[in-house]
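For the numbers below, each heavy atom of this structure counts, side chains included, while hydrogens, waters and symmetry mates do not.
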Amino acid sequence: KKRFIQLAASSCRIPVFGEEKILNLDPFLLFQELYKNSRQSFLFESGKGPIETSQYSIFGNSTSRLLKFFGSQASLYKGGILEKTFTEVNEAFKLLNFEKNTRQIDYLPHFWGGWVGFLGYEAVTLFENITLKTDQKLPDLSFMEVERMFIYDHSSNKLKFILSGLNKTKESDYEDFIVEIKQVWTKVEKALKKFKAGSAYSDFKKDSFISTTPKSLLKKGEYIKKVNRTKTYIAEGDIYQANISQKFETPFNQDPLILYMRLRKINPSPFSGFLKFDDLVLVSSSPERLIKISDNRIESRPIAGTRPRSNIIEKDQALMAELLLNEKERAEHLMLVDLERNDLGRLCKPGSVKVTDFMFLEKYSHVTHIVSNISGNLLPDQEIFKIFKAIFPGGTITGCPKIRCMEIINELEPVTRGPYSGSFGYIGFAPYMDLNIIIRSIIIHDHTASFHVGAGIVADSVPEKEYLETLDKAAPMIEALSMNE
């Protein structure tokens, strides 16, 4: 309490937490037990991988404020009731800024509260002078304010419940926080006993899940025509590379949590998650990070270059070796690394942007990718709007140069992308931020499940191979949605 009072003198928001060591906790089980019926909830999980990308899983819900954009029309809700509309885009984005009067806390050196949500691909029109197709059914941006959350550290096996307080913390709040933590921990202990009794999410059975195989909105020949048209733009000097996608969809009337459980089992990934906003649900097994900010460090983790996996070890190894040595794939990856370096350079101190990991392989259930990691020292007092303007959307799912590629994508792709190739994650009250790129992800809305898959097209792309690459990427989502595993 003494420490709390000291911190309150210099910081307007003080997080308080309770923690306990729980060996090998599956965060999904606790999430579904505590938040299955919440209108707005989130679970961000890390699949297998290095500690830099797989240390934490974060989950919780929101009963506080909600910011939504439909095009440039922004609205702020509180408790489901419209509180304010914004005529200026920048004014709405100021809500998402890191709080200037909230200091970093040494006992929680990670995200401990803030805004959780997503930007759809078409949200780029908020940052750039570009006209894209629109779909007014889905918001271009939704972020919920989160002041209560769990975080599980997979390296220490510690579960924390964090209250991030009010934006004007008083001494008397401390005792209220302690009472709330004890109440929540009673619920956690009850849930853990239920898991040990063997009654954890028993609905996850093959025969309880009925869906149909998703169908593409494009025929194979139509997709190949679009690849050839993209190659013409490249030959004429408009662009160097562009990512062209196709959309799959199927009727869906099942529990989205079961779908997420299936997808995470089929394709565990380092930037996966479940994000729910009333009647819109995102189910993701994304392997790719768009941007991470921690204190004054910013980093991006581009993926470009793909090969299918094989069940035969020798063939799988041969496919990986061929991917890493392929001149086309290496050239495409290098170009996109340079694009990301340029994007980060708009936000970082001169000379600080470095490629910290270059062209290493990451293996997933159905594909292998080439991955790099880029980081830099962030210039002080960066606003969220400016950060998004510099880096959104990721170059790996648009192409190079970005603006012209997005114009060509708008011309060639018959429908809007929506959340696909946008980003979801968190923006902290303190300067912590982590956003994935929404790929290998299923969007559930209006009794329909849909997803996009794309391929990077370059001058020497073989259209048939690019089409097959999109099917390799679609395989985990098709398997998760299909009745037969």
Side-chain angles (χ1 to χ4, degrees), residues 1-20 42 44 55-56 58-67 76 78 83-84 90-117 143-153 156 158-185 291-299 347 349 377-388 425-435:
K1 184 175 182 179
K2 184 179 178 182
R3 180 81 192 277
F4 180 86
I5 295 167
Q6 289 172 341
L7 289 169
S10 59
S11 182
C12 67
R13 197 186 291 267
I14 313 299
V16 176
F17 72 96
E19 72 174 4
E20 188 171 323
F42 69 98
F44 296 153
Q55 182 172 357
Y56 299 115
I58 308 169
F59 57 100
N61 71 339
S62 174
T63 56
S64 187
R65 295 185 295 175
L66 172 66
L67 179 64
L76 182 66
K78 189 167 184 178
E83 189 174 71
K84 186 177 181 180
N90 282 347
E91 282 301 308
F93 270 94
K94 285 180 180 177
L95 288 169
L96 304 178
N97 283 342
F98 305 132
E99 294 179 347
K100 290 184 177 180
N101 295 323
T102 293
R103 56 182 287 188
Q104 287 179 279
I105 305 296
D106 56 6
Y107 56 85
L108 288 174
H110 49 64
F111 176 65
W112 45 259
W115 294 85
V116 167
F143 274 86
M144 63 179 88
E145 190 174 33
V146 174
E147 297 175 322
R148 307 286 189 274
M149 55 171 270
F150 286 93
I151 185 164
Y152 185 67
D153 186 333
S156 67
K158 287 183 178 178
L159 176 70
K160 298 174 184 174
F161 176 69
I162 306 170
L163 295 85
S164 56
L166 313 166
N167 59 6
K168 288 185 180 178
T169 308
K170 305 185 296 294
E171 180 180 332
S172 59
D173 293 329
Y174 181 83
E175 299 299 339
D176 294 336
F177 291 165
I178 299 305
V179 169
E180 185 175 345
I181 288 170
K182 288 179 179 178
Q183 289 172 342
V184 168
W185 223 259
I291 186 175
K292 178 184 179 181
I293 292 174
S294 181
D295 192 11
N296 68 335
R297 292 288 291 171
I298 183 170
E299 65 180 84
L347 301 167
K349 295 177 181 178
N377 295 329
L378 199 63
L379 289 165
D381 300 322
Q382 293 283 11
E383 294 193 338
I384 296 302
F385 180 87
K386 186 177 178 182
I387 293 170
F388 283 146
Y426 60 76
I427 303 168
F429 296 130
Y432 296 104
M433 180 176 179
D434 205 353
L435 297 172

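The line from CD1 of Ile387 to CD1 of Ile298 is 6.0 Å long, rounded to the nearest 0.5 Å. Interatomic distance, NZ of Lys349 versus CG of Leu379, reported as 7.0 Å (0.5 Å rounding). Ser11 OG to Phe429 CZ: the interatomic distance, rounded to the nearest 0.5 Å, is 11.5 Å. Residue Asp295 holds its CG atom at 10.0 Å from CG of Asn377, rounded to the nearest 0.5 Å. To the nearest 0.5 Å, the span separating OG1 on Thr102 from CH2 on Trp112 amounts to 5.5 Å. Between Lys78 atom NZ and Leu67 atom CG the span is 14.0 Å, to the nearest 0.5 Å.
Each of Lys160, Gln55, Lys158 was checked for a side chain to side chain donor-acceptor pair (under 3.5 Å) with Asp153, and the lone residue meeting it is Gln55. Between Ile162 and the choices Ile151, Val146, Ile58, the side-chain contact (heavy atoms from CB on, under 4.5 Å) rule is met once, by Ile151.
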Stepwise side chain to side chain contact (heavy atoms under 4.5 Å, CB included) test for Tyr174 and Ile5: CA-CA 9 Å; Tyr174 181 83; Ile5 295 167; over 6 Å; no
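Ring to ring, Phe44 and Phe42 are close: their centroids are under 6.0 angstrom apart.
Under the 4.0 Å criterion applied to side-chain N and carboxylate O atoms, Arg65 and Glu83 are not assigned as salt-bridge partners. One finds a salt bridge joining Arg13 and Glu147 here, because a Lys/Arg side-chain nitrogen approaches an Asp/Glu carboxylate oxygen to under 4.0 Å.
Closest non-hydrogen pair, Ser62 versus Glu145, comes out as OG-O, 2.6 Å. When every heavy atom of Gly425 is checked against every heavy atom of Phe143, the shortest pair comes out as O-CE2, 4.1 Å. In terms of heavy atoms, Lys386 sits closest to Leu347 at O-CD2, 3.8 Å. Considering every non-hydrogen atom in both Ile427 and Leu96, the closest pair reads CG2-O, 3.2 Å. Among all heavy-atom pairs drawn from Gly428 and Phe98, the shortest one is O-CD2, 3.3 Å. Taking both residues in full, the closest heavy atoms of Ile14 and Phe177 are given as O-CE1, 4.3 Å, listed atom of the first, atom of the second, then distance.
No side-chain heavy atom of Met433 sits under 4.5 Å from any side-chain heavy atom of Phe111. In this structure, Leu7 and Tyr107 have side chains that are in contact, with non-hydrogen atoms separated by less than 4.5 Å. Between Lys1 and Glu175, some side-chain heavy-atom pair lies under the 4.5 Å cut-off. The side-chain heavy atoms of Glu19 and Leu159, taken from C-beta on, include no pair separated by under 4.5 Å. The side-chain heavy atoms of Leu108 and Phe17, taken from C-beta on, include a pair separated by under 4.5 Å.
Residues satisfying the side chain to side chain donor-acceptor pair (under 3.5 Å) test with Asp381, not counting sequence neighbours, are none. The side-chain contact (heavy atoms from CB on, under 4.5 Å) test applied to Lys100 returns no partner, not counting sequence neighbours. When the ring pair (Phe, Tyr, Trp, His ring centres under 6.0 Å) test is applied to Tyr56, the partners found at least two apart in sequence or on another chain are His110.
The closest donor-acceptor contact from the side chain of Trp115 to the backbone of Leu95 lies under 3.5 Å. Looking only at distances, a side-chain donor or acceptor of Asn97 sits under 3.5 Å from a matching main-chain atom of Ile384.
Phe388 and Phe93 have perpendicular rings, their planes meeting at more than 60° on a 0 to 90° scale where under 30° would count as parallel.
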